[in-house]
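Source: prediction; values computed, not measured. All chains are named by letter (A, B, ...) in the order of the sequence lines, taking the proteins before the strands, and each is independently numbered beginning at 1.
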Amino acid sequence: MAEEKELRYDPAVLESKWQERWTADPALYAAEPEQCGKPKYYVLEMLPYPSGQLHMGHVRNYSIGDALARHMWMRGFNVLHPMGWDAFGLPAENAALKNNTPPRQWTLANIAAMKRQMQRLGLGYDWATEVTTCLPEYYRWNQWFFLRMYEKNLAYRKKSKVNWCPDCATVLANEQVIDGRCWRHEDTLVQQRELVQWFFRITAYANELLEGLDKLDGWPDKVRTMQRNWIGRSEGTEVDFALEGDDEKIRVFTTRVDTIFGATSVQLAPEHPLVSRFAAADPVLKAQVDHLIDEQTRAREAGDVGAIEKHGVDTGRYALNPYNGERVPIWVANYILMDYGTGAIMSVPAHDERDFEFANKYGIEIRRVIAPEDSVQEAPALPFTSESGILINSGSYNGLTCEQAQKQLQQVAARNKFGKATVTYRLKDWGVSRQRYWGTPIPMIHCERDGLVPVPDDQLPVLLPDQVEITQQGGSPLSRVPAFVNVTCPKCSGPARRETDTMDTFVDSSWYFYRYADAKNSNAPFNPNAASYWFPIDQYIGGVEHAILHLIYSRFWTKVMRDLGLVQNDEPAARLFTQGMVIKDGAKMSKSKGNVVSPDDMVVRYGADATRMYALFAAPPDRDLDWQEDGVAGVSRFLGRVFRLVMRYAPQARAGRTAQPVAPTGVSLKLLRKLHQTTAKITLDFAGRWHFNTCVAAIMEFVNDMQAADAQLSAGEVPAHTMNELLRTLVLLMAPFAPFLTSELWEELGETGAVLRAAWPQSDPQLAREDELEIPVQINGKLVTVIRIAVDADRAVMEAVALRDEKLQAKIAGRSVAKIIVVPGKTVNVVVK
RNA sequence: GCGGAAGUGGUGAAAUGGCAAACACACUAGCCUUAGGAGCUAGCGCCCAAAAGGCUUGCGGGUUCAAGUCCCGCCUUCCGCACCA
């Protein structure tokens, strides 16, 4: 009876035993010093926001990363596998309002809870390098970087239209506005406000950020494409149109300067400064323009900017085309964006769809200036937007190709100083000011005498005060804390005011992974030597939702740090993996849908191993995963089978550790062959394909084979040495996926030391090789029969064996065989007429 | 509208031009029992009463001895971008 009881797989008991051991042994998952001589491997998962609860997306993300880390440990690498907390941000302030708990206390309690969850899941992190971004030890370096960027003119202040989220009561960066809505409040429309804000000059790196993407071949194409589109490089020409009867010029941006002889109007954005000037002198125009702006604002707030119909107003003024002096009317149009290019365009209706639509609506002249290159068709349908064409109606430029004309027209503009070739980006500078409390204070001081004065380095960190009243009223909560605001100017010692905005939390996550390399440093953000050893990150793993937020900011920050001499790498991560979402019943898990599955529930019911392994088994990691609790139960039952299998034969396996090897035959050979095939498959998958779902399936197949051979196993047909190899390797192969169970079984097999420090098994190709194959035989590509042949059978043998087959004979009788295709090791296909 | 990904049993999925549905879940039948969210055996794409046989990877074409896989067109779903001059 006692023996039977031993065979019960009880994850609750087994897992808590190992969790205690691992907590008592922090060295187990610790990175080693550079001198250890092993090759380094830095595997990183995106750090979570400490909401207080891990969700299934985290479990999936971290199960993937942990499996990889464990595999690399077993491959003998010096692995850095850290974890931290993206701990600043608005939810802490909301919680403070709701529960009357200070943000700091709330956040730290959440971190403690989530850390417990991670430990309960058995995730192998090096907690000695833990980073918590809301602590002064960390955020002081945000301030330090801010000052360095200010010195290099990469941080600056300007008044501009900014995105304002009424729910966050703060501004948002462009990247944080999704479809006109706040990235945190998907039902909240973002408003536009004019405010003075701090910006990081990410556009200074626009081109490098773009070109670097070509070299990031370890990143998914999807992410690279998204970043390319976001940066939106566009080569074109700026041209000045003179304003008739005025000294003012109107600078337009165009990618098609070759069509400029077809420009029949100039179009200004409603917010263009010249428009306000015209409107000031013309009340009717002002009313019309206000209407345009109004309509645009309302469209934006309704969330369908793109759907709005094109409208415009004729200003009654004229501009002069600098190439031929032609007089063209100036319009204000609602489809011209002030914050792209120069906020003004030349309108060429014949060769641009939007201009065509607009000109038709208002009866503006449409003049063809490009003819198709092949000239088969003299007058193709308008608008004709192709760039392979020949200029017509363009004075001395007639006959040039579009490309030639662009070059020449640019040269002429430059020579006569009315324009130049230029590059425009869609990417805007990163607005980092936030009118919130729970973030990094911006280390600047406003002095009446000296203006903007940076906080001297030796006065860092500017500490975030406790005991601040949080309100949702808007305006920085810090501005209502006199002890924080009122300071003396570092330059003149006169009275001055601190900057009261805090930094965007994406600042924190832009460089946290460098801090892991040297987390305790109190003299610098990190030691450059530590960074040069560990960077770039070998594998970064996270959700695709950060493709153009965190991941573009991080790339920018790395380049800034490189130019500061802190790091040598150009890019933060050599390889990026974006895992799919975890969904339930076909929908994203969310509280409002009531389909949230709690990781804690899963762990309590089925154990951490089963929960993690299911997360890997249910779908390939890059695809969405539909969470089915029955599936977790299934994996748990499988782990139970493994547990009982190993426990039952552990005594033989232990005896086999010192037994003499015997040449395997019969069932031993069969099982060893399957084992070595499984080893080869899993090893290959870790190297790149990452189809962990089929890795788990392969392990299940092997275990099924072992179980099917149970009669022979219990009859002692497998020698002890072989039994040891079978069970020992099984445990090793499962170790990255089920750390608790494999640790227990490793010990049960008489092994000492941590299983994750044991060497990853090697597949012997000789042993893995089948000696006979089943080969499909087809007639005209349709399956007829299956033959067995030796693995090394040549074409002639395969053909002969196939033709001898009765089924085949019956089918080809009386028909003429035109051809026989033989693919060694694959198939025989008889082509008959 | 543009760009990308996907579409295979009741479900999650597998198959890198060569036997479609591995591995699981669910279900069905049976066995066992210490009655457990347990274990074991068998069945399980569709059509046909069964067998024999036929059919089957969103739809339609094509390439090939051979197509879930490659090419062309279309449909659907999801994701990203969306007046970017």
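Between the side chain of A/Glu357 and the base of B/C83 there is no donor-acceptor pair of N/O atoms closer than 3.5 Å. The base of B/C65 is not paired with the side chain of A/Lys819 by any donor and acceptor separated by under 3.5 Å.
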Base-contact (B) and sugar-phosphate-only (S) positions in nucleotides 7-17 of chain B, heavy-atom cut-off under 4.0 Å, - elsewhere
----SBSSS--
Can you name the atoms? Protein N/O to nucleotides 68-70 of chain B N/O, anything below 3.5 Å, with the distance.
none

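Between A/Phe418 and A/Tyr323, a ring centre-to-centre spacing shorter than 6.0 Å is recorded.
Side-chain contact of A/Arg623 with A/Gln579: a donor-acceptor pair under 3.5 Å is absent, judged by distance alone.
An OP1 or OP2 oxygen of B/C55 is reached within less than 4.0 angstrom by a side-chain nitrogen or oxygen of A/Lys782. Phosphate contact (OP1/OP2 of B/U34, side-chain N/O of A/Arg8, threshold under 4.0 Å): absent. Phosphate contact (OP1/OP2 of B/C2, side-chain N/O of A/Asn229, threshold under 4.0 Å): absent. OP1 or OP2 of B/A85 has at least one side-chain nitrogen or oxygen of A/Ser234 nearer than 4.0 Å. In terms of phosphate contacts, A/Arg637 brings a side-chain nitrogen or oxygen within less than 4.0 Å of OP1 or OP2 of B/A26. Side-chain nitrogen and oxygen atoms of A/Gln227 include none within less than 4.0 Å of the OP1 or OP2 phosphate oxygen of B/G80.
Across the P atoms, B/C40 and B/A26 are found 14 Å apart, a figure rounded to whole Å. Across B/A6 and B/A14, the matching P atoms stand 12 Å from one another, rounded to whole Å. As rounded to the nearest Å, B/G10 and B/G45 have C1' atoms that lie 10 Å from one another. Using atom C1' as the reference point in both B/G18 and B/G3, the two lie 34 Å apart (nearest Å). Only the C1' atoms considered, B/U41 is 25 Å distant from B/A51, to the nearest whole Å.
Mapping A/Lys811 and A/Thr342 onto RNA chain B via the closest heavy atom, the residue that lands nearer the 5' end is A/Lys811. RNA chain B is contacted by both A/Ile821 and A/Pro776; A/Pro776 maps to the nucleotide lying nearer its 5′ end (nearest heavy atom per residue).
At least one side-chain heavy atom of A/Val223 sits less than 4.5 Å from a side-chain heavy atom of A/Val544.
Put simply, the residue from A/Phe686, A/Phe577, A/Tyr614 that forms a ring-ring contact (aromatic ring centres under 6.0 Å, His included) with A/Phe692 is A/Phe686. Between A/Leu730 and the options A/Leu645, A/Thr678, A/Thr679, a side chain to side chain contact (heavy atoms under 4.5 Å, CB included) holds for only A/Leu645.
B/U16 makes up no base pair with any nucleotide shown, lacking Watson-Crick or G-U wobble contacts both under 3.5 Å. Shown here, B/U34 forms no base pair; nothing in the strands shown gives a Watson-Crick or G-U wobble contact with both key distances under 3.5 Å. For B/A5, the paired base is B/U77 (Watson-Crick or G-U wobble, both distances below 3.5 Å). For B/G68, there is no paired nucleotide, since no Watson-Crick or G-U wobble pair has both relevant distances below 3.5 Å.
The CE-P distance, from A/Met700 to B/C23, rounds to 11 Å in whole Å.
Using cut-offs of 30° and 60° for the angle between ring planes, the A/His546 and A/His550 rings count as perpendicular.
Atoms CE and CD1, from A/Met798 and A/Ile775 in turn, are 4.5 Å apart once rounded to the nearest 0.5 Å.
A salt bridge does not link A/Asp805 with A/Lys807: none of the charged nitrogens is closer than 4.0 Å to a carboxylate oxygen.
Considering only residues two or more places apart in sequence or on other chains, A/Asp214 meets the side-chain hydrogen bond (donor to acceptor under 3.5 Å, both in side chains) condition with A/Arg228.
Checked by atom type and distance alone, the side chain of A/Tyr9 never pairs as donor or acceptor with a backbone atom of A/Arg644 at under 3.5 Å.
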